[in-house]
Amino acid sequence: MTQENTTLITGGAGFIGSHLAQRIVRSGRKVRLVDNLSTGRRSNIADLLSEHAGRVTFIEADALDTAENDAVWKGVDQVFHLAASVGVQRVIDDPAAMMRNNVLTTDAVLRAAGRAGASVLIASSSEVYGRCPVLPLSEDAELVYGPTTASRWSYGMAKALDEHLALDLAQRTGLKAVVVRLFNTIGPRQIGHYGMVVPRFVEQAIRGDALTVYGDGQQTRAFCDVRDVTDALARLLDVPTAIGRVFNVGSTHAVTIRQLADHVLRAAGAPAHRIQHMPYQDVYGAGFEDPHDRLPAVDRLDHAIGGFRPAWTLDATLNELVALARGTDPDRLAQTAQPTPLEPRT
Ligand code: UDP
């Protein structure tokens, strides 16, 4: 590896991007982060930039605007394209802006990666499956969307377009592109402003508020720690046979949202009854559809990277998030917040 081996991460100051940057820099590469700070935050990468001065650099810019900027792409042989408008609330607030931003940016980044001869991983989403009822969701499943009058589906459709762009360029031009569908990912630095359930529940529990469980809380999700997710992404882009393929990345341990609330209350030492059910339409307006169950099949990923074994249990991550939200001394936390091995996957 030469000094020129540089990994570009778009959305690098975001929740997942900043953890990925930490993982990549540990492998000895230089890392260049591009982020327009729309949902990313400087504080997410402040420590990384000071600890690895010279090896990690940050460019505050839109990934779309930097796609033709040679200085940004100099020495880049690997790209993780994570920059996107995300979060259910944001999508519902302005679906048109989200679609334009996500698809045009992905198109520009893919083409720039092609010109640079770099391998590129694009972050798609479990939303691509829409309301596909066959569980676990496997990469070749039919995609099932609701009507276009329900704006939620626009996000999954935009991500599906991103996937088509990447796979088409991989097939026709030999672009070294890999697509990952990220399922519910949790961990430090995730923010709840745009709807994500875990940071919202943790904040509510710490404040002593009731946890807002939408609907009857029987909908299920599987939550994977961001450090397990980013480790898998880093490994996957090094696998030549992954090129031109789609991979689910996520946990296979499903919980109902009601159970999740119980876990969070326990982690926070809060009374078990502190739960408030809210009808979906009070939160997101009439016509909102929430996929009832979401669970990935991860055999393809497991096979490609020679074993996908998440190290963080849900409770280990929640305990850490509660401690962080309480402002626990980070040095003490680093010693206590060790991943606990999971039981074998079923
Ligand atoms: N949810 C909830 N309370 C909240 C936020 C979300 O009950 O304060 C529910 C939401 O309706 C969904 C689940 O938690 O069923 C996961 O929501 P999130 O937005 O985190 O992820 P996604 O819907 O994309 O899986």
Side-chain angles (χ1 to χ4, degrees), residues 14-16 18-19 39 41 44 86-90 126 182-230 249-280 282-284 288 290-296 310-330 332-343 345:
F15 160 52
I16 299 178
S18 61
H19 284 279
T39 51
R41 290 182 294 187
N44 287 347
V86 291
V88 172
Q89 192 58 57
R90 259 179 126 221
S126 58
L182 302 180
F183 283 65
N184 298 74
T185 305
I186 57 170
R189 304 179 203 142
Q190 186 176 33
I191 49 177
H193 305 345
Y194 308 105
M196 275 72 168
V197 66
V198 167
R200 288 174 57 80
F201 279 3
V202 169
E203 282 162 31
Q204 290 165 344
I206 297 299
R207 280 201 309 263
D209 293 345
L211 273 53
T212 53
V213 172
Y214 300 162
D216 63 6
Q218 291 310 303
Q219 67 272 36
T220 62
R221 299 289 188 273
F223 297 91
C224 196
D225 190 282
V226 66
R227 287 150 291 195
D228 288 319
V229 169
T230 49
V249 180
S251 163
T252 53
H253 289 260
V255 289
T256 67
I257 296 304
R258 173 60 212 233
Q259 286 168 338
L260 173 71
D262 294 337
H263 280 269
V264 173
L265 289 172
R266 254 200 319 275
H273 60 79
R274 216 173 265 160
I275 284 177
Q276 178 195 6
H277 285 271
M278 295 177 73
Y280 285 110
D282 290 4
V283 185
Y284 291 124
F288 180 78
D290 195 27
H292 196 270
D293 303 296
R294 198 172 252 174
L295 186 71
W312 287 81
T313 61
L314 178 60
D315 284 332
T317 305
L318 293 178
N319 288 338
E320 186 189 7
L321 293 178
V322 165
L324 282 168
R326 290 206 168 113
T328 306
D329 171 26
R332 240 194 73 210
L333 196 68
Q335 289 156 21
T336 53
Q338 294 303 322
T340 6
L342 286 175
E343 321 86 77
R345 269 204 324 273

Atom OG1 in T39, atom NE2 in H193: separation rounded to 0.5 Å? 10.0 Å

When rounded to the nearest 0.5 angstrom, what distance separates CZ in F183 from OG1 in T252? 11.0 Å

First locate atom CG of L211, then atom CG of L260, and finally report the distance between them rounded to the nearest 0.5 Å. 8.0 Å

Provide the closest heavy-atom pair for I206 versus A325 in the form atom of the first, atom of the second, distance. CG1-CB, 3.8 Å

Can you name the one residue among T317, D315, T313 that meets side-chain hydrogen bond (donor to acceptor under 3.5 Å, both in side chains) with H263? D315

Indicate the atoms forming the closest heavy-atom contact of V322 with A268, along with that distance. CG1-CA, 4.0 Å

So do V213 and F201 actually touch side chain to side chain, heavy atoms under 4.5 Å? yes

Is there a side-chain contact between Q219 and D290, using heavy atoms and a 4.5 Å cut-off? yes

Is a donor from one side chain sitting under 3.5 angstrom from an acceptor on the other, for D216 and H277? no

With rounding to the nearest 0.5 Å, note down the distance linking NE2 in H292 to CD1 in I257. 10.0 Å

Can any side-chain N or O of S18 pair as donor or acceptor with the backbone N or O of I16 at less than 3.5 Å? no

Within-4.5 Å side-chain heavy-atom neighbours: V197 and I186: no

Which atom of S251 lies closest to which atom of C224, heavy atoms considered: N-CB, 3.5 Å

With the side chain counted from C-beta on, respond yes when V226 and Q190 share a heavy-atom pair under 4.5 Å apart, and no when they do not. no

Rounding to 0.5 Å, atoms CZ (F15) and CZ (R41) come to a distance of 11.0 Å

Strictly by salt bridge (Lys or Arg N to Asp or Glu O under 4.0 Å), give each pair with a member in residues 186-205 just once, sequence neighbours left out. none

Which atoms form the tightest heavy-atom contact between P188 and E320, and what is the distance? CG-OE2, 3.8 Å

Whether the side chain of D228 engages the backbone of A311 through a donor-acceptor N/O pair (distance < 3.5 Å, no angle test) should be reported. yes

Give a yes or no on whether the backbone of T212 and the side-chain of Q204 come within a donor-acceptor separation of less than 3.5 Å. yes

Heavy-atom pair of closest approach, residues L265 and A205: CD2-CB, 4.5 Å

V202 to L321 - nearest heavy-atom pair and separation: CG1-O, 3.9 Å

Would you call the rings of Y280 and F288 parallel, tilted or perpendicular, where under 30° means parallel and over 60° means perpendicular? tilted

Looking at R258 and D262, is any side-chain nitrogen of the basic one under 4.0 Å from a carboxylate oxygen of the acidic one? yes

